[in-house]
Amino acid sequence: MTVSQRPTDRHAAMPLRRLFMRLARSTSAVSAVELGLAMPFLMGLSLTGVEVVNLALIHVRLNQLAITIADNASRAKQTQVNGAPQFREYDMNQVFRAAALQAEDLQIPTRGRVIVSSLQVNSSGGQWIAWQRCWGKNTWASRYGTQGTGATGTSFAGMGYTTSKMTADSGTAIMFVEIAYDYKPFFLGSVLPSKLIRKEAALYVRDDRDLTKIYNPSPVQTVATC
């Protein structure tokens, strides 16, 4: 023999049943619920978009920095009363100082490396890296060799990452700039890995220049060796 449900229990269940039915029919909070469900995806998409834009800007700025350094190195000189103008260690350091001001927020000294090479013609008619100077605490080396590469013979093809290498003409020099930069993601550092960005630029020396060496007259400057 079973005990039937008491009337008070039935009456207590009625408001709950009505409440559930009203909630099932209600559409007043659908937008809020949908927004809550979509928010993680929208946030991820927004942060990814910002990251892509930031990476694109870094590429553009590094490319412009390489061009500026090559341009400044191709123009700098000290005029001599007798003889061709000289390029000095002071001039090279000034080029690096200008680059530091242009890209101060990129933290090149700690996260990058700038390599400036003077591509010239050797005594055999071949290409060689007559001198090379570096800026930045990182130790990335040039893709094409160190100072003195190609000093003799004609085996050194020149500089440039394309199949057609850049070569200097006799009696002049090319200021070839390489930048290596350790890019760290702006927002998604825990998801996206860091990557090495490399940029290159090159310009012919704009005027006559003594190509024998970089001079270091008094007061002697610190040499930015590689």
Side-chain angles (χ1 to χ4, degrees), residues 62-80 82-96 98-99 108-109 112-182 195-218 220-226:
L62 290 176
N63 188 64
Q64 291 300 317
L65 181 63
I67 293 173
T68 300
I69 293 173
D71 186 34
N72 289 339
S74 69
R75 294 173 184 270
K77 63 183 179 181
Q78 183 185 45
T79 304
Q80 300 296 308
N82 297 314
Q86 296 176 354
F87 187 72
R88 303 163 296 167
E89 298 291 352
Y90 172 82
D91 300 318
M92 190 71 259
N93 289 340
Q94 286 296 100
V95 169
F96 287 146
I108 297 291
R113 181 79 156 172
V114 177
I115 306 169
V116 180
S117 304
S118 180
L119 182 63
Q120 300 173 203
V121 177
N122 63 23
S123 57
S124 304
Q127 300 293 304
W128 74 305
I129 300 176
W131 54 260
Q132 194 172 79
R133 296 294 182 266
C134 295
W135 171 53
K137 295 180 181 178
N138 285 289
T139 57
W140 294 305
S142 169
R143 286 175 168 175
Y144 312 105
T146 58
Q147 177 174 310
T149 298
T152 59
T154 57
S155 59
F156 182 53
M159 304 179 75
Y161 60 85
T162 60
T163 53
S164 178
K165 299 294 183 182
M166 186 171 294
T167 56
D169 293 329
S170 180
T172 187
I174 292 176
M175 297 291 100
F176 194 95
V177 177
E178 302 170 73
I179 296 180
Y181 183 74
D182 182 20
K195 62 179 297 185
L196 181 64
I197 300 176
R198 284 186 176 269
K199 295 295 179 182
E200 298 178 356
L203 284 172
Y204 266 105
V205 170
R206 300 301 181 90
D207 204 347
D208 292 338
R209 178 185 290 181
D210 185 337
L211 301 178
T212 8
K213 61 179 180 178
I214 295 186
Y215 289 84
N216 199 1
S218 180
V220 175
Q221 299 288 307
T222 301
V223 180
T225 55
C226 299

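Of all non-hydrogen atoms in N122 and G150, the two that sit nearest each other are ND2-O, 2.7 Å. The minimum heavy-atom distance between S142 and I115, with the atom names listed, is N-CD1, 3.4 Å. Contact between I174 and T167 at its shortest, heavy atoms only, is CD1-O, 3.5 Å. In plain terms, the two heavy atoms of F87 and A73 that are nearest each other are CE1-O, 3.7 Å.
Remark: side-chain polar atoms of S74 are paired, donor with acceptor, to backbone N or O of D71 under 3.5 angstrom. R88 places no side-chain N or O within 3.5 Å of a backbone atom of Y215 that could act as its donor or acceptor partner. The backbone N or O of Q132 lies less than 3.5 Å from a partner atom in the side chain of Q147, making a donor-acceptor pair. Checking side-chain atoms of D208 against main-chain N and O of A84 turns up no donor-acceptor pair under 3.5 Å.
The shortest side-chain heavy-atom distance between I69 and V116 falls under the 4.5 Å cut-off. Using a 4.5 Å heavy-atom cutoff, the side chains of C134 and R113 are in contact. Looking at heavy atoms from C-beta onward, E200 lies in side-chain contact with Y144 at the 4.5 angstrom threshold. Within the 4.5 Å cutoff, side-chain heavy atoms of N216 are placed close to those of V223. In this structure, the side chains of D182 and N138 stay at 4.5 Å or more apart for every pair of heavy atoms. The closest side-chain heavy-atom distance from I179 to L65 is below 4.5 Å. R143 is listed as a side-chain neighbour of R198, based on a closest heavy-atom distance under 4.5 Å. Looking at N72 and D91, their side chains never come closer than 4.5 Å, going by heavy atoms from C-beta outward.
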Taking it one step at a time, do W131 and Q120 satisfy side chain to side chain contact (heavy atoms under 4.5 Å, CB included)? CA-CA 9 Å; W131 54 260; Q120 300 173 203; 4.1 Å; yes
Derivation and outcome, side chain to side chain contact (heavy atoms under 4.5 Å, CB included), residues L62 and I108: CA-CA 10 Å; L62 290 176; I108 297 291; 4.1 Å; yes
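Between the CG atom in L203 and the CE atom in M166 there is a gap of 8.5 Å [rounded to 0.5 Å]. Here the straight-line distance linking atom CZ of R75 with atom CE of M175 works out to 13.5 Å at 0.5 Å rounding.
The residues E89 and R133 are annotated as salt-bridged, a charged nitrogen and a carboxylate oxygen being separated by less than 4.0 angstrom. No salt bridge links E178 with K199; every basic N to acidic carboxylate O contact stays at or beyond 4.0 Å.
Listed by first then second residue, pairs satisfying disulfide (SG to SG under 2.5 Å) with a partner in residues 136-174 number zero, not counting sequence neighbours.
Around atom OH of Y204, more than 12 heavy atoms belonging to other residues, nucleotides or ligands sit under 6.0 Å away. Within a 6.0 Å sphere centred on NZ of K137, heavy atoms belonging to other residues, nucleotides or ligands number 12 at most.
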Show me, pair by pair, the donor-acceptor contacts under 3.5 angstrom made by side chains of residues 151-160, not counting sequence neighbours?
none

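Between W140 and Y181, the ring center distance fails the sub-6.0 Å criterion.
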